[in-house]
Amino acid sequence: MVQVNMETHLLGANELLARRNRQLFKDHKVLVINLMSSPGSGKTTILERTIEALGGQLRLGVIEGDLYTDQDAQRIEKKGVKVIQINTEGACHLDAAMVGKAYGQLPTDKMDLMVIENVGNLVCPAEFDLGEDFTAVVISTTEGNDKLRKYPLIFRQAKAVLLNKMDLLPYTDFNLERFKNDLDQINPSATVFMVSGRTGEGIENWTRWVFEEVKRKNPF
Ligand code: MG
Ligand code: ZN
């Protein structure tokens, strides 16, 4: 009983901070995407591709959430983008307080797009609003077909779902029809992108869509 109350309290506090982040993002005219997936789905590779495609047109910033290492942040930094690393020291999700603190270290009034790469986990990241404009979830063909039904919340909230590792599809048992049917049941309004971070297949559809979302929030 006590635990339940504490959880409610924590989520309440997070909601307040998420609201504050959202207002800051609005004031600073930056579109913020919370990028989520299970570990190894290819978030960082997709982020690298996104930076390659949009870095010349938009001012970008990245917040990297990881349990311990800064390997992903280093990969992003190599692409010439300002990145702030959050090490959660074991916590399996980012919360609005962590993001608010990291955001303050970025050139806040000089960004058009900020991507938050969340900790690899399909469960509780979905329960913590960070103040983002929307969430995008990556799932890969090598993860099998059961993830949508097992973790419906994260897919239900997503504005975009990226099916990654399309280049490996012929070598897996992943069933595209079943994926589409499951997503139709859970979240029929999600925009779906079939991509390969490795080969670059389909990435342009995703980055063009992101560009339009940035312009929609802040016409320039
Ligand atoms: Mg990563
Ligand atoms: Zn967690």
Side-chain angles (χ1 to χ4, degrees), residues 3-39 41 43-44 46-47 50 60-67 72-73 83-106 108-109 111-139 147-148 150-162 183 186-193 206 209-210 213-214 216-218:
Q3 274 186 338
V4 171
N5 287 337
M6 278 176 67
E7 182 77 354
T8 312
H9 178 71
L10 280 171
L11 281 176
N14 189 74
E15 278 317 304
L16 286 175
L17 290 171
R19 214 174 294 166
R20 202 173 73 181
N21 287 350
R22 188 164 281 117
Q23 186 61 47
L24 282 174
F25 301 155
K26 193 179 171 202
D27 293 345
H28 295 148
K29 301 185 179 208
V30 54
L31 182 91
V32 178
I33 303 175
N34 179 0
L35 187 62
M36 304 191 281
S37 80
S38 43
S41 299
K43 289 186 299 299
T44 311
I46 286 173
L47 192 46
T50 306
L60 308 179
V62 169
I63 292 176
E64 270 294 333
D66 266 305
L67 293 168
D72 288 357
V83 52
I84 302 297
Q85 172 77 49
I86 299 174
N87 279 136
T88 61
E89 305 298 339
C92 49
H93 60 270
L94 295 178
D95 64 32
M98 297 175 196
V99 167
K101 213 168 139 196
Y103 178 65
Q105 298 170 58
L106 283 164
T108 52
D109 54 349
M111 288 191 292
D112 305 305
L113 171 66
M114 180 172 83
V115 180
I116 303 165
E117 182 179 338
N118 214 315
V119 179
N121 178 354
L122 289 174
V123 189
C124 51
E127 291 166 16
F128 286 82
D129 184 2
L130 307 179
E132 72 274 353
D133 288 274
F134 59 83
T135 65
V137 179
V138 182
I139 177 177
K147 298 296 176 292
L148 275 80
K150 275 190 178 169
Y151 310 103
L153 178 64
I154 201 164
F155 290 99
R156 190 173 301 129
Q157 297 168 344
K159 182 162 183 167
V161 174
L162 293 93
L183 192 58
I186 295 167
N187 181 357
S189 59
T191 305
V192 179
F193 300 93
W206 155 249
W209 182 84
V210 170
E213 290 293 321
V214 170
R216 210 149 64 98
K217 183 171 186 185
N218 295 301

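For the numbers below, each heavy atom of this structure counts, side chains included, while hydrogens, waters and symmetry mates do not. Just so you know, these numbers come straight off a predicted model, no measurement behind them.
Minimum heavy-atom separation, Leu153 to Glu127: CD2-CG, 3.9 Å. Between Pro188 and Ile186, the shortest heavy-atom distance links the atoms CD-C, 3.9 Å. The two atoms that bring Gln85 and Ala73 nearest to each other are OE1-CB, 2.9 Å, heavy atoms only. Scanning all heavy atoms of the two residues, the minimum distance from Asp95 to Asn14 falls at CB-OD1, 3.4 Å. The two residues Arg156 and Asn187 make their nearest non-hydrogen contact at O-ND2, 3.1 Å. Scanning all heavy atoms of the two residues, the minimum distance from Ala158 to Val137 falls at CB-CG2, 3.8 Å.
For Ser41, the side chain to side chain contact (heavy atoms under 4.5 Å, CB included) partners at least two apart in sequence or on another chain are Ser37, Ser38, Val138, Ser140, Glu143. Residues passing the salt bridge (Lys or Arg N to Asp or Glu O under 4.0 Å) test with Lys26, sequence neighbours excluded: none. Applying the salt bridge (Lys or Arg N to Asp or Glu O under 4.0 Å) criterion to Asp66, with sequence neighbours excluded, gives no partner residue. Phe193 meets the ring-ring contact (aromatic ring centres under 6.0 Å, His included) test with Trp206, Trp209; sequence neighbours excluded. For Asp27, the side-chain hydrogen bond (donor to acceptor under 3.5 Å, both in side chains) partners two or more places apart in sequence, or in a different chain, are Gln23. Residues passing the side chain to side chain contact (heavy atoms under 4.5 Å, CB included) test with Leu17 are Arg20, Ala96, Ala97, sequence neighbours excluded. Applying the side-chain hydrogen bond (donor to acceptor under 3.5 Å, both in side chains) criterion to Thr44, with sequence neighbours excluded, gives Asp72, Glu117. With sequence neighbours left out, Lys159 forms a salt bridge (Lys or Arg N to Asp or Glu O under 4.0 Å) with Glu213. Residues forming a side chain to side chain contact (heavy atoms under 4.5 Å, CB included) with Asn121 (at least two apart in sequence, or on another chain): Cys92, Val123, Cys124, Pro125.
Rounding to the nearest 0.5 angstrom, the gap separating the CD1 atom in Ile154 from the CG atom in Leu122 is 5.0 Å.
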If you apply the rule side chain to side chain contact (heavy atoms under 4.5 Å, CB included), what do you find for Leu60 with Val115, and how did you get there? CA-CA 8 Å; Leu60 308 179; Val115 180; over 6 Å; no
For side chain to side chain contact (heavy atoms under 4.5 Å, CB included), just list the numbers for Val99 and Lys101, CA-CA rounded to whole Å, side-chain angles, deciding distance to a tenth of an Å, and then say yes or no. CA-CA 5 Å; Val99 167; Lys101 213 168 139 196; over 6 Å; no
Any chance you could lay out the side chain to side chain contact (heavy atoms under 4.5 Å, CB included) test for Leu162 and Ile139, step after step, and finish with the verdict? CA-CA 6 Å; Leu162 293 93; Ile139 177 177; over 6 Å; no
Could you walk me through whether Val161 and Leu183 pass side chain to side chain contact (heavy atoms under 4.5 Å, CB included), step by step? CA-CA 9 Å; Val161 174; Leu183 192 58; 4.2 Å; yes
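For Arg22 (side chain) and Glu132 (main-chain N/O), a donor-acceptor pair under 3.5 Å exists by modelled atom type. Using a distance-only test at 3.5 Å, with no hydrogens or angles considered, a donor-acceptor pair links the side chain of Thr50 to the main chain of Ile46. Side chain of Asn21 to main chain of Gly131: no donor-acceptor pair is present (N/O by atom type, distance under 3.5 Å, no hydrogens or angles).
Looking only at side-chain heavy atoms (C-beta outward), Ile116 and Leu94 come within less than 4.5 Å of each other. At least one side-chain heavy atom of Leu47 sits less than 4.5 Å from a side-chain heavy atom of Val62. In this structure, the side chains of Val83 and Ile63 stay at 4.5 Å or more apart for every pair of heavy atoms. Here the side chains of Phe134 and Gln157 are not in contact, with every heavy-atom distance at 4.5 Å or above. A 4.5 Å side-chain heavy-atom check between Leu113 and Val210 finds at least one atom pair inside the cut-off. Put simply, the side chain of Leu67 does not reach to within 4.5 Å of the side chain of Glu89, judged on heavy atoms.
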Could you list the donor-acceptor pairs under 3.5 angstrom formed by side chains in residues 28-36, with sequence neighbours left out?
| unit_1 | atom_1 | unit_2 | atom_2 | d |
| --- | --- | --- | --- | --- |
| His28 | ND1 | Leu24 | O | 3.3 |
| His28 | ND1 | Tyr103 | OH | 2.7 |
| Asn34 | OD1 | Asn118 | ND2 | 3.2 |

